[in-house]
Enquirer: 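Structure incoming, see below.
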Amino acid sequence: MSTVKHKILVLSGKGGVGKSTFSAHLAHGLASDESKEVAVLDIDICGPSIPRIMGLEGEQVHQSGSGWSPVYVEDNLSVMSIGFLLGSPDDAVIWRGPKKNGMIKQFLRDVDWGGLDYLIVDTPPGTSDEHLSIVQYLSAAQIDGAVIITTPQEVSLQDVRKEITFCRKVNLPIIGVVENMSIFICPKCKKSSEIFPPTTGGAEKMCQELNIPLLGKVPLDPQIGKSCDEGKSFLTECPDSPATVAYRNIIQSVKEYCSSHKVSDK
Amino acid sequence: MEGDEDKDNLSSVKHIVVVLSGKGGVGKSTVTVQLALSLRQAGKRVGILDIDLCGPSIPRMLNLQSKDVHQCDAGWVPVYADRERTIALMSISFLLENVNDAVVWRGPKKTALIKQFISSVAWGELDYLIVDTPPGTSDEHLALVEGLQRYSIDGALLVTTPQAVSTGDVRREITFCRKTGLHILGIVENMSGFVCPHCEECSNVFSKGGGEELAKVCGVRFLGCIPLDPQLSHSLEEGRDFIEEFPQSATFTAFKHLAQAVERGPP
């Protein structure tokens, strides 16, 4: 980890809010600067979505003398996920906590990432083994911070507040919150609807109350789901979508945070 | 089967149904609550056991978020959603001091509490106990299957959304069910299309058709589609009874069919 300049965790607390979608697109966005080396580490051991979202389904990892080789999407963008170690799409990883922790440790220790500018860690929902372990194992290497993903409804926010409590408990800096699936614009009539209503003020109010930056709000674009299913970057597939504009602004904020964040190496 | 001394809190529960997914955020808790409300409307007494310890969503959906639990001789008294005691709920939420308290527990501690939930909630007589689970195939799921080993479970309801990113995880959950001997009642596809309230155009916000295809590929019953319905989201947010308030909606019909499928039980 000493050759990794910036480490960013993508967390939520709530499932299905778009952590993996965001992680993948953050990676694509950061890797669009070809001088930067970017990697995604998928520690969602039971539900690894990153291989599909990044167009790497069916890929396998290779072992060499220097460890496991991650799978490359582009020359400067690599990925590691348990998905690459499973033989078939039906294979379930039915593991208790300690075994999951062991796998995460192996990912951090045995993957030959090379020198990286950014390592993005995609996490499962919750505040449990995976989250405790990644914070613990990366503690010596200093994590830049966490991006927390939510959707506008209270049902999500109530879990996200717990995740924020977790971050504060383990002294994990919070880069900011992203509100996903903010608003839906009908492709036919172009009028907007709130599919997931912000009945308690959405992420905006929560961020104000907890004094955390709101990095941005991303509207619901059906093309996002389609791109993810097809393993393509939504940013390149739909460059003019308001969702792309929102993502790019958020990615810029994360970049600026990392540049201004002094990481003291061991 | 049950000892005379040992009060078996599940002995007067007629049917147990587990709601699973593998994928997060597909609507497991939503389906659990709407199924419970639909069964209640059909005259059944229903209990809900929420074993999502990190992200317990059910209390708010039934407007019970500020409640506490009390103990009796047989264990915890569940929290009732109504005076008639037609819907009972147990959730870790009721044990937390503050609603924002994070449950930052490793596997063994989660396993212990879930096993306690299984044995120590004084449900009384129930027609249905519906168990809401967190996403994944890990400690909570294993604890549940182990804890319910000596009981007959009607089966598992698998919830997915249409996209491949969801069905991919649900396939793994199907493997979990098969490996642990948990019968699968069927797959329900949630967030299946959104009808624009302005122009009535239906958009496939989260893609289309994945749930039915998955059911076909895995040889499992397809139990129908539930549309994306902001009125349902609103009801859940405010802890109101959607089933009572919107009986004319397509969403209501979808849940009614689901409840009927659950009542028919395993073939």
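Just so it is clear: chains get the letters A, B, ... in the order the sequence lines come, proteins before strands, and each one is counted from 1.
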Enquirer: Under 4.5 Å, counting heavy-atom pairs only, tell me which of Val160(A), Thr200(A), Val155(A), Ile164(A) racks up the most with chain B.
Expert: Val155(A)
Enquirer: Quick one: closest heavy-atom pair of Cys54(B) and Gly126(A), and the distance?
Expert: CB-CA, 3.9 Å
Enquirer: Highest number of heavy-atom pairs under 4.5 Å with chain A: which of Ala143(B), Cys199(B), Ser29(B)?
Expert: Cys199(B)
Enquirer: Can you give me the closest heavy-atom contact between Glu238(B) and Thr199(A), atom names plus distance?
Expert: OE2-CG2, 4.2 Å
Enquirer: Sort Asp44(A) into side chain, backbone, both or neither according to what part of it lies under 4.5 angstrom from a heavy atom of chain B.
Expert: neither
Enquirer: Cut-off 3.5 Å, no hydrogens considered: what does the side-chain donor-acceptor table look like for residues 60-67 of chain B, sequence neighbours left out?
Expert:
unit_1	atom_1	unit_2	atom_2	d
Arg60(B)	NE	Glu237(B)	O	3.0

Enquirer: Flag the one option from Ser207(B), Pro108(B), Ser203(B) with the top tally of heavy-atom pairs under 4.5 Å to chain A.
Expert: Ser203(B)
Enquirer: Do you know the tightest heavy-atom contact between Arg172(B) and Leu86(A)?
Expert: NH1-CD1, 3.6 Å
Enquirer: Could you tell me the separation between the CG atom of Asn98(B) and the CZ atom of Arg161(A), rounded to the nearest 0.5 Å?
Expert: 10.5 Å
Enquirer: Sort Ser133(A) into side chain, backbone, both or neither according to what part of it lies under 4.5 angstrom from a heavy atom of chain B.
Expert: both
Enquirer: Please report the shortest heavy-atom distance between Ala102(B) and Lys169(A), naming the atom on each side.
Expert: O-NZ, 4.2 Å
Enquirer: Please determine, among Pro134(B), Gly55(B), Pro135(B), the option with the most heavy-atom pairs under 4.5 Å with chain A.
Expert: Gly55(B)
Enquirer: Tell me, for Ile195(A) versus chain B, whether the close heavy atoms (under 4.5 Å) come from the side chain, the backbone, both or neither.
Expert: both
Enquirer: Under a 4.5 Å heavy-atom cutoff, which of Glu146(B), Glu173(B), Met191(B) has the most pairs with chain A?
Expert: Glu146(B)
Enquirer: Measure Lys28(B) against the heavy atoms of chain A and call it side chain, backbone, both or neither at under 4.5 Å.
Expert: neither
Enquirer: Hey, is the main chain of Ala164(B) close enough, under 3.5 Å, to the side chain of Asp229(A) for a donor-acceptor pair?
Expert: yes
Enquirer: Closer than 3.5 angstrom, by distance alone: can the side chain of Ser49(A) be matched with the main-chain N or O of Val165(B) as a donor-acceptor pair?
Expert: no
Enquirer: Looking only at heavy atoms and a cut-off of under 4.5 Å, which of Gly22(B), Ser21(B), Pro230(B) has the most pairs with chain A?
Expert: Pro230(B)
Enquirer: In terms of heavy-atom pairs under 4.5 Å, which option from Thr127(A), Asp91(A), Val17(A) contacts chain B the most?
Expert: Thr127(A)
Enquirer: State, to 0.1 Å, how close His198(B) and Cys189(A) come at their nearest heavy-atom pair, and which atoms those are.
Expert: CB-SG, 3.9 Å
Enquirer: Name the one of Glu130(A), Lys100(A), Arg96(A) that satisfies side-chain hydrogen bond (donor to acceptor under 3.5 Å, both in side chains) with Ser138(B)?
Expert: Lys100(A)
Enquirer: Over all heavy atoms of both residues, which pair between Asn100(B) and Thr165(A) is shortest? Give the atoms and the distance, please.
Expert: O-OG1, 3.2 Å
Enquirer: Would you give the length of the straight line joining atom CD of Glu154(A) to atom CG of Leu236(B), rounded to the nearest 0.5 angstrom?
Expert: 12.5 Å
Enquirer: Judged by atom type as modelled, is there a donor-acceptor pair below 3.5 Å linking the side chain of Asp129(A) to the main-chain atoms of Gly107(B)?
Expert: yes
Enquirer: What part of Glu194(A) is in contact with chain B, defined as an atom under 4.5 angstrom from a non-hydrogen atom: side chain, backbone, both or neither?
Expert: backbone
Enquirer: If you tally heavy-atom pairs under 4.5 Å against chain B, which of Ser88(A), Gly225(A), Gly97(A), Ala92(A) wins?
Expert: Ala92(A)
Enquirer: Verify, without hydrogens or angle tests, whether Lys226(A) (side chain) and Gln163(B) (backbone) share a donor-acceptor contact under 3.5 angstrom.
Expert: no
Enquirer: Hey, can you tell me if Phe206(B) and Phe196(A) have their rings parallel, tilted or perpendicular (30° and 60° cut-offs)?
Expert: tilted
Enquirer: Enter the distance from Lys190(A):NZ to Cys196(B):SG here, rounded to the nearest 0.5 Å.
Expert: 11.0 Å
